[in-house]
**Q** 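Dropping the structure in here first, questions after.
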Amino acid sequence: VLALLSSQDAEEPTHLGQSYMMTQMPGVTFVNRAVMEIALLDVKGGTLLAYAAGRGTEMLDELDVPLGRDLPSKSDTRDIVRVNAGKHALDRATADFTEQIDRIYVH
């Protein structure tokens with residue numbers, strides 16, 4: 001079994017708060033898109049027996065100004081977003097991969 005997780009970050013400027021409010025604050029929307037690929041390989045025969053891919057996306061709106069001292073750092077919160085996107089991708093790929101394996105080996 002071979003598993004590969006890849007992801008890509010993107011950042012877009014935004015204003016946080018309702019459009020009718022005078023207190024809109026500048027910030028960014030941080031987006032992580034993840035792809036998990038899982039393959040079952042027959043190493044001796046050199047063939048691919050099963051393959052599945054899953055995608056996951058997570059977003060986070062961040063203010064450009066700090067709000068408090070006891071909050072997680074910007075780096076920590078972005079890592080959490082990456083982990084969540086990866087978990088969604090893994091869940092989707094695992095479900096598809098399990099179905100394929102069941103068809104191959106159960107039936």
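Below, each value reflects all heavy atoms present in this structure, side chains not excepted, and no hydrogens, waters or symmetry copies.
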**Q** How close do A89 and G54 get, counting heavy atoms only, and between which atoms?
**A**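 The answer is CB-O, 3.4 Å.
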**Q** Are the side chain of R33 and the backbone N or O of Q8 linked by a donor-acceptor pair below 3.5 Å?
**A**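 No: the side chain of R33 does not pair with the backbone of Q8.
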**Q** Quick one: list whatever passes salt bridge (Lys or Arg N to Asp or Glu O under 4.0 Å) with D79, sequence neighbours left out.
**A**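 Here the qualifying residues are R82.
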**Q** Report whether L71 and M25 are members of the same hydrophobic cluster (ILVMFWY, side-chain heavy atoms less than 4.5 Å apart, transitive linking).
**A**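 Yes, L71 and M25 fall within the same hydrophobic cluster.
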**Q** Can you name the side-chain hydrogen bond (donor to acceptor under 3.5 Å, both in side chains) partners of D70, sequence neighbours left out?
**A**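 Residues passing side-chain hydrogen bond (donor to acceptor under 3.5 Å, both in side chains) with D70: none at all.
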**Q** Of all the heavy-atom pairs spanning R92 and G56, show the shortest one and how long it is.
**A**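 Taking R92 first and G56 second, the nearest heavy atoms are NH1-CA, 3.7 Å.
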**Q** Minimum heavy-atom separation for D42 to G45, with atom names?
**A**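 In terms of heavy atoms, the two residues are closest at OD1-N, 3.0 Å.
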**Q** Quick one: does L60's side chain get under 4.5 Å of T77's, heavy atoms only?
**A**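 Counting from C-beta outward, L60 and T77 do come under 4.5 Å.
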**Q** Identify the two heavy atoms, one from A53 and one from A93, that lie closest to each other, and give their separation to 0.1 Å.
**A**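 Smallest heavy-atom distance, with atoms named: C-CB, 3.9 Å.
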**Q** Which residues end up grouped with L2 if you chain together Ile, Leu, Val, Met, Phe, Trp and Tyr wherever their side-chain heavy atoms are less than 4.5 Å apart?
**A**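 ILVMFWY cluster around L2 also holds L41, L48, Y51.
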**Q** Hey, could you give me the CG/CG distance between D61 and L16, rounded to the nearest 0.5 Å?
**A**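 Taking CG in D61 and CG in L16, the distance rounds to 5.0 Å.
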**Q** Got L40 and F97 here, is their nearest side-chain heavy-atom distance under 4.5 Å?
**A**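 Yes, close enough: below the 4.5 Å cut-off.
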**Q** How many angstroms lie between CD in E58 and OG in S7, if you round to the nearest 0.5 Å?
**A**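 OG of S7 is found 12.0 Å from CD of E58.
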**Q** Taking salt bridge (Lys or Arg N to Asp or Glu O under 4.0 Å) as the test, write out the residues that go with E62, two or more places apart.
**A**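 Per chain and number, E62 pairs via salt bridge (Lys or Arg N to Asp or Glu O under 4.0 Å) with R78.
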**Q** Among residues at least two apart in sequence or on other chains, which ones pass salt bridge (Lys or Arg N to Asp or Glu O under 4.0 Å) with K87?
**A**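 Partners of K87 under the salt bridge (Lys or Arg N to Asp or Glu O under 4.0 Å) test: D91.
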**Q** Are L49 and L4 linked, directly or through other ILVMFWY residues, by side chains that come within less than 4.5 angstrom of each other?
**A**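 In one cluster: no.
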**Q** To the nearest 0.5 angstrom, please state how far the NZ atom of K74 sits from the CG atom of L63.
**A**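 Separation between the atoms: 10.5 Å.
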**Q** As a quick check of understanding, evaluate side chain to side chain contact (heavy atoms under 4.5 Å, CB included) for L90 and L5, giving each step before the final call.
**A** CA-CA 8 Å; L90 174 63; L5 174 67; over 6 Å; no
**Q** For the residue pair Q100 and A52, what are the closest heavy atoms and their distance?
**A**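 Taking Q100 first and A52 second, the nearest heavy atoms are NE2-CB, 4.0 Å.
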**Q** Rounded to the nearest 0.5 Å, what's the gap from CD1 on I104 to CG on D102? Could you check?
**A**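 Reported to 0.5 Å precision, the distance equals 9.5 Å.
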**Q** Only counting residues at least two apart or in another chain, list the ones meeting salt bridge (Lys or Arg N to Asp or Glu O under 4.0 Å) with E37.
**A**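 Counting only residues at least two positions away or on another chain, E37 forms no salt bridge (Lys or Arg N to Asp or Glu O under 4.0 Å).
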**Q** Does T98 reach the side chain of D96, with side-chain heavy atoms less than 4.5 Å apart?
**A**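 T98 vs D96: side chains apart.
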**Q** Determine whether T57 and V31 make a side-chain contact, defined as any pair of heavy atoms from C-beta on separated by less than 4.5 Å.
**A**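 The answer is yes, as the side chains (C-beta and beyond) meet within the 4.5 Å cut-off.
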